[in-house]
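Below you'll find the structure, written out as structure tokens, and then a few comments.
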Amino acid sequence: MKYKIAQIEDIEKVLELHSKYQIDSIRQEDKKDGFITTAFTKEQMIDLITIEQGLFIAVNDEKVVAYVMSASWKFWSRWPMFAFMVEDLHNLEYLGQKLTVQNSYQYGPVCVDKEYRGSGVFEQIFDFARENMTKKFPILITFINKINTRSYEAHTKKLKLEVIKEFSYNNNNYYELVYDTSKSIFKKSK
Ligand SMILES: CC(C)(COP(=O)(O)OP(=O)(O)OC[C@H]1O[C@@H](n2cnc3c(N)ncnc32)[C@H](O)[C@@H]1OP(=O)(O)O)[C@@H](O)C(=O)NCCC(=O)NCCS
């Protein structure tokens, strides 16, 4: 398995994996093992890669089997839900700091293809993305739909992300979570 920062030529394969598990196109029977909320266009992927260097992928036999997207709030703010989260940042505190668009970024979506779940790819790709993003931001922020219990278990039990608040948006209920990007999940402390 190879972990790398995606390039433009990887976009088609990433979008293929993405559409398999995105809420609008996921198969009904797969939904219980998690789904992705946000939809993406090719143009948004190009910005994510060229402006943010924020698309991280796991490749096996030339197939993209997992991805993590991570980017500044400036990138995410084109989606109303992220703009809503930005408005609330100043009310939250973590690592002794008030959250801002300078000291934090938004991690996710993350996706691991069905055949690779539970294999450690999830932990590896999370840490690979974290290692790159810590160069720019001390604090990771993300959200998980309360009905996505698999993702919640994986992020809180395996990666030890912490719930910082709960909120509702467009009739969905979410956890908002944080993580100290200086901490590798493979070491007790830095
Ligand atoms: C969320 C995701 C990235 C996690 O990766 P993963 O490889 O499946 O994670 P793991 O299997 O290592 O860990 C999941 C844990 O939840 C548990 N679990 C499995 N199915 C579950 C379910 N339906 N409800 C609650 N917990 C569940 C597992 O038992 C496992 O814990 P364990 O290893 O201690 O038993 C992956 O499942 C995925 O891509 N899902 C589809 C897209 C998605 O939901 N993305 C996240 C959006 S916030």
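In each ligand, atom 1 is the first atom listed, and ligand 1 is the first ligand listed. The chain is numbered in sequence order, starting from 1.
Ligand 1 places these atoms under 4.0 Å from at least one heavy atom of K32: 23 (N).
When distances from atom 45 (N) of ligand 1 to the protein are checked, a heavy atom turns up under 4.0 Å. For atom 21 (C) of ligand 1, a protein heavy-atom neighbour is found at a distance under 4.0 Å.
With a 4.5 Å cut-off on side-chain heavy atoms, F35 and Q22 do not count as touching. The closest side-chain heavy-atom distance from D180 to I139 is not below 4.5 Å.
Taking only non-hydrogen atoms, the option from K114, K158, K31 nearest to atom 34 (O) of ligand 1 is K158. Nearest-residue assignment for atom 26 (N) of ligand 1 (options K157, E153, K20; heavy-atom criterion): E153. Relative to atom 6 (P) of ligand 1, the option among G118, G120, S151, A154 with the closest non-hydrogen atom is G118.
Assignment of C111 to the shell around ligand 1 is supported, since a heavy atom sits closer than 4.0 Å.
Other residues, nucleotides and ligands place no more than 12 heavy atoms under 6.0 Å from the CZ atom of R27.
Using a 4.0 Å cut-off between charged nitrogen and carboxylate oxygen, E12 and K42 count as a salt-bridge pair.
The CZ atom of F143 lies 14.5 Å from the OH atom of Y175; values are rounded to the nearest 0.5 Å.
In this structure, F186 has its ring center no closer than 6.0 Å to that of F126.
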